[in-house]
There are 2 protein chains.
Amino acid sequence: MSPSFLLAQIGAHAAMKFAERLAPLGLSPPDAGILRAIGASAGLSQKRLGERLSILPSRLVVLVDELERRGLVERRDSPEDRRVYELHLTDAGRRALEAIGRTARQHDAALCAALDESERAELSALLTRIAEEQGLEPGVHPGFKRLGKTAQPATRRGKTEPRA
Amino acid sequence: MSPSFLLAQIGAHAAMKFAERLAPLGLSPPDAGILRAIGASAGLSQKRLGERLSILPSRLVVLVDELERRGLVERRDSPEDRRVYELHLTDAGRRALEAIGRTARQHDAALCAALDESERAELSALLTRIAEEQGLEPGVHPGFKRLGKTAQPATRRGKTEPRA
DNA sequence: TATTGTTATACTCTATAACTATA
DNA sequence: TATAGTTATAGAGTATAACAATA
């Protein structure tokens, strides 16, 4: 089987399984990405957060709203520019981030159960080279942009009508 | 970086790039999966096709409608059970399938440009073992089921109101 | 009564444009 | 005039229920 098909297939499977493990924490994969990014760069604006994660501003608002409502993220007015917020993790947010880390390690172990330690290292090395050559941002899941094709509406002829 | 994150990241990238290469043919990834499945088992019913590809019947109808409208797929009444259609590729459908194959090989070469021949074989071997251990169907992309978490509507407080 | 294909509908995510407050 | 954040809305994809024809 072609490596790129296997990558797409296992990658989608990995993303789904990770989302399943995250669900009991009440978090989605975008939530985890947001908490991780804020944890790595406290004070980030929504603008730059959205750019880093390739999440549209209009969607980011809703995601941050929810994380703020649940007390994991805090929006502070920037003293330099009153248009922007500085995003910070609360204590609960930091605990959530740690839980995400534990979840990720469990997920990793389960997904790579077929491989021993040195094989996992070999796999990571190969994947890292591909990621670099393809110009992928380290630590940033690209999400899934719009990609379908544009097609005209089809004229339907029914199975809900007698055929004989 | 953890292998499972790299897998999800590169997998999503691979899926997007493949969709981009398919777009000039006027096809989406599900279209390609459908043509491939019908090509491998001519006469398949929509029911079994949907099961194999994990596409819901209500969506499959629309996809097959469009492929039939474009003359790539033909629905023939089953002589044994008047409820079902037998799905077949037309000549144009077979040509489309060949074009998809060429596209997939180009995609594969581009995605794995960082690796030489023996490294690609090594990668495929590792990935195949993971796919088997994880119980993934050979040749079937799992798509992306519903996985977000359920959250109550948030009470918004606006940046569109004066803050001072 | 169960099944195949189909339609209708709801919810989520992606995407774009327009809007408010501020620079 | 441009920018950060927000709102509204349109377009896909996912999911469920209900329906007609047939088994």
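Any value given below was found using the heavy atoms of this structure, including those in side chains, with hydrogens, waters and symmetry copies removed. Residue numbering restarts at 1 for every chain, and letters A, B, ... go by the order of the sequence lines. On a predicted model such as this, the values are computed, not experimentally measured, just so you know.
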Of the candidate nucleotides D/dA15, D/dA4, C/dT4, which contains the atom at the shortest distance from the side chain of A/V84? D/dA4

Of the candidates D/dA8, C/dG5, D/dA2, the side chain of A/R83 sits closest to D/dA2

From CG of B/L56 over to C1' of C/dT6, roughly how many Å is that when rounded to an integer? 13 Å

Once you round it to whole Å, what is the distance between P of D/dG5 and CG of A/D77? 11 Å

Please determine, for the side chain of B/R59, which listed nucleotide (C/dC13, C/dG5, D/dG13) has the closest atom? D/dG13

side-chain contact (heavy atoms from CB on, under 4.5 Å) test vs B/Q46 passes for just one of B/I34, B/V64, B/V84, namely B/V64

Between P of C/dA21 and CD of A/Q46, the distance in whole Å: 17 Å

Any side-chain hydrogen bond (donor to acceptor under 3.5 Å, both in side chains) pairs touching residues 35-45 of chain B, not counting sequence neighbours? B/S41-B/R52

Rounded to whole Å, please give me the gap between CG in B/L63 and P in D/dT14. 9 Å

Can you find a donor-acceptor N/O pair under 3.5 angstrom joining the side chain of B/S58 to the base of D/dT16? yes

Do the side chain of A/T90 and the main chain of A/G71 share a donor and acceptor less than 3.5 angstrom apart? yes

With a 4.0 Å cut-off on N to O distance, would you call A/K47 and A/E51 a salt bridge? yes

Using whole Å, what does the distance between atom P of nucleotide C/dT4 and atom CZ of B/R48 come to? 10 Å

B/L60 CG - D/dT16 C1' separation (whole Å): 17 Å

In this structure, are over 12 heavy atoms from other groups packed under 6.0 Å from A/E137 atom CD? no

Could you pick out which residue, A/P57 or B/E51, lies toward the 5' side of DNA chain C when each is mapped onto its nearest nucleotide? B/E51

B/E86 atom CD is separated from C/dG5 atom P, nearest whole Å, by 11 Å

Among D/dT6, C/dA23, D/dA23, which nucleotide has an atom closest to any side-chain atom of B/D81? D/dA23

If you check every side-chain atom of B/R75, which of C/dT6, C/dT14, D/dT14 has the closest atom? C/dT6

Whole-Å distance, B/K47 NZ to C/dT6 C1', equals 14 Å

